[in-house]
There are 2 protein chains.
Amino acid sequence: MSNLDQIAKLAGFSKATVSRVLNQSPHVSHETRTKILKIMQELDYVPNRNAISLSKGQTLQIGIITSTINEIVLAFLDSFVEVAGQYEFQTIIYTSGEDKKKELQAFEDLKRKRVDALVIISCVNDTDFLSTYCKYGPIVSWQRMEHTDIRSVAMDQYEGYMLALKHLIQKGYTRISNAFGRPSSINTHSRQRAYEQIMSEHNLPVLQHWNHSSIYNIRDGEQVVRDLLQRREEFPEAILCANDYVAVGILCEARRQRLNVPEDLAIVGFDNTELAHTMGITTIQNPIMAQAQNAFFMLSPQLIGRQMELHSLEYCLIERTTT
Amino acid sequence: MSNLDQIAKLAGFSKATVSRVLNQSPHVSHETRTKILKIMQELDYVPNRNAISLSKGQTLQIGIITSTINEIVLAFLDSFVEVAGQYEFQTIIYTSGEDKKKELQAFEDLKRKRVDALVIISCVNDTDFLSTYCKYGPIVSWQRMEHTDIRSVAMDQYEGYMLALKHLIQKGYTRISNAFGRPSSINTHSRQRAYEQIMSEHNLPVLQHWNHSSIYNIRDGEQVVRDLLQRREEFPEAILCANDYVAVGILCEARRQRLNVPEDLAIVGFDNTELAHTMGITTIQNPIMAQAQNAFFMLSPQLIGRQMELHSLEYCLIERTTT
DNA sequence: TTGAAAGCGTTACCAA
DNA sequence: TTGGTAACGCTTTCAA
């Protein structure tokens, strides 16, 4: 493998000049440049990334942290990789599996300059603690955060959930249940707030066993239906789901149990993923791609010294066949 | 940010000794070690990754190349990140979007020592050309490859497809159609070979318009059903799919078109993903996780100087409700 | 057990 | 427009 020194010697110039050619400096004569470029080509030379990173103090790598990669995360991840790539940044995945120690490695990697910035999709460490890492580089979060200086790119789900609730009530459903995600998350709190508010406003019944938590995926959704069926006489008319995948699970299991959707049970998903479209599930359109792009845009002032305009975000309801 | 030099000076030792502490060298007195460790702690010191990578000539990063991240890729990616992480390796995603130039960047990054190794999930460049990069580091592929020294971790899909075909024939289906993936891929050729062989062996009909190519996802699957319905009188009894997602699309669209599954149309997926289970789709179990682990194991001799035993791979058929 | 010094391969500042 | 040289922060070899 050839290096700058060899190129310089062969060309009869100094390393400095070769470096200038590499960095498209205007202060190189045309002649010199062509000569050096020719030699680089002959030697099949490419600069060593580690040396550049060390010297510049910048790696052009961004870490992205998630407890696990599922289809919801995928939509965000995919969009983020795409937009970061447009600005020459690469993306490194850190999956924690909910392990605090493992998750912390990503933050340590910011400190040790392996990555220039960090994007949190989900995290389990204390956010106040995590925000002490902000001094090592910019950090943004998809997951909503409180009491920290880590900015979040997500929207308050209160609005979106409200949309779904109003839709159900307007359609005449009154016995409304929920399949929430992480119990302690801000999203879940927002959703609960919306639910409680509207149910009491309209004087609608709320049964304890209608509200499930820690429901994340298809299998969890299937289980919810089986749980609800335990008390058939108190069966809800509609269910709001943590995400579309939960809705898929509920829909499939409901069919398996000979329930008619939406007559026996109406279902509303969340996110408007491809699958919700395919299976005809009414859902809330969550602009994930726009949020992923915003995540990069929020990092960009510190990364590339450029302020980018953020996409404006808005929920909307997509009515399909499950309500 | 503190560095080795500062630690050394404060501790009253040389950089070499501090470095030895960092690398758990046995040639440091207990006293010295504790003293140095204490100072590191006080200064909140962590070594700079770029400096280490430059000095050692190793980055502990592995690049993984795919044209796009979809759910099938996800299963592989997720498992690979997991196993690589166990050996302290991080994973960098390169999505090419089928763009040869963009894809090549990953290989250039191997050359410029940004990554220590490469895993190809799918690629569009000429494989003979790509294999010239093998001299810069180990490369393995999930996608099957021919005529190169890039080893593949995938199985010949002939076997798996045969399993599905025999199952259908045994169940009495005779008008069998296909939804293939990338037309030029080795997988597709294997599948076609299996199909042609068994159909001629059993003297079964093969209609031109039964065989679709470039069918990759749910939407493509939906379209296949609409296409087939164009000629209702020549409608097949069964369809084999490129993957489970295609099968999902076909199943959903079939229902929408009031076709009964499996009476009017039997469906067989491929891969046995979570979704196939949920929707009760008969499919071929493809040990993706084992293949992802094998991918790392095949790199490991050159990466960590250790030969690992590969998982043995085997297909099997999972019968559910769509056949 | 410790230290001095030469790498690793760039960039960037100051002169010329 | 060019060159010399000091960073960048660590590892590793050779001596002591």
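Lettering of chains follows the sequences in order, A, B, ..., and the numbering in each one begins at 1. All figures in this text were calculated on a predicted structure; none of them were measured in a lab.
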Measure from [atom1] on [X] to [atom2] on [N] and round the result to the nearest Å.
X       : N       : atom1 : atom2 : result
L4(B)   : dC8(D)  : CG    : P     : 13 Å
K9(B)   : dG9(D)  : NZ    : C1'   : 13 Å
R20(B)  : dG3(C)  : CZ    : C1'   : 8 Å
F13(B)  : dC10(D) : CZ    : C1'   : 19 Å
K35(A)  : dT1(D)  : NZ    : P     : 18 Å
K113(B) : dC8(C)  : NZ    : C1'   : 11 Å
L54(B)  : dC10(D) : CG    : P     : 12 Å
I36(B)  : dC10(D) : CD1   : P     : 13 Å

Any side-chain N or O of [X] under 4.0 Å from OP1/OP2 of [N]?
X      : N       : value
N23(B) : dT11(D) : yes
S55(B) : dC8(C)  : no
N48(A) : dG9(C)  : no
S19(B) : dC10(D) : no
T17(A) : dT2(D)  : no

With respect to the side chain of [X], which nucleotide from [options] is positioned closest?
X      : options                  : answer
S14(A) : dG4(D), dA12(C), dT1(D)  : dG4(D)
A51(B) : dC13(C), dC10(D), dG9(C) : dC10(D)
H27(A) : dT1(D), dC10(D), dT12(D) : dT1(D)

When all nucleic acid strands are considered with a 4.0 Å heavy-atom cut-off, which category describes [X]: base, sugar-phosphate, or nothing?
X      : value
V21(B) : nothing
I52(A) : sugar-phosphate
N50(B) : nothing
T32(A) : sugar-phosphate
S29(A) : sugar-phosphate

Does the side chain of [X] come under 3.5 Å of the side chain of [Y] through a donor N or O and an acceptor N or O?
X       : Y       : result
E274(A) : N217(B) : no
N243(A) : E71(A)  : no
D109(B) : Y94(B)  : yes
N50(A)  : N50(B)  : no

[N] base / [X] side chain donor-acceptor hit below 3.5 Å:
X       : N       : result
R49(A)  : dG9(C)  : no
K15(A)  : dT10(C) : yes
R112(A) : dG9(D)  : no

*Please work out which of the three classes, parallel, tilted or perpendicular, describes the rings of F76(A) and W142(A), given edges at 30° and 60°.*
parallel
Report the C-alpha separation of N286(A) and Q291(A) in whole Å, then their side-chain angles, then the decisive distance to 0.1 Å, and conclude whether the side chain to side chain donor-acceptor pair (under 3.5 Å) test is met.
CA-CA 9 Å; N286(A) 190 9; Q291(A) 290 171 68; 3.0 Å; yes
Judged by nearest nucleotide, the residue sitting upstream toward the 5' end of DNA chain D, L22(B) or G12(A), is G12(A)
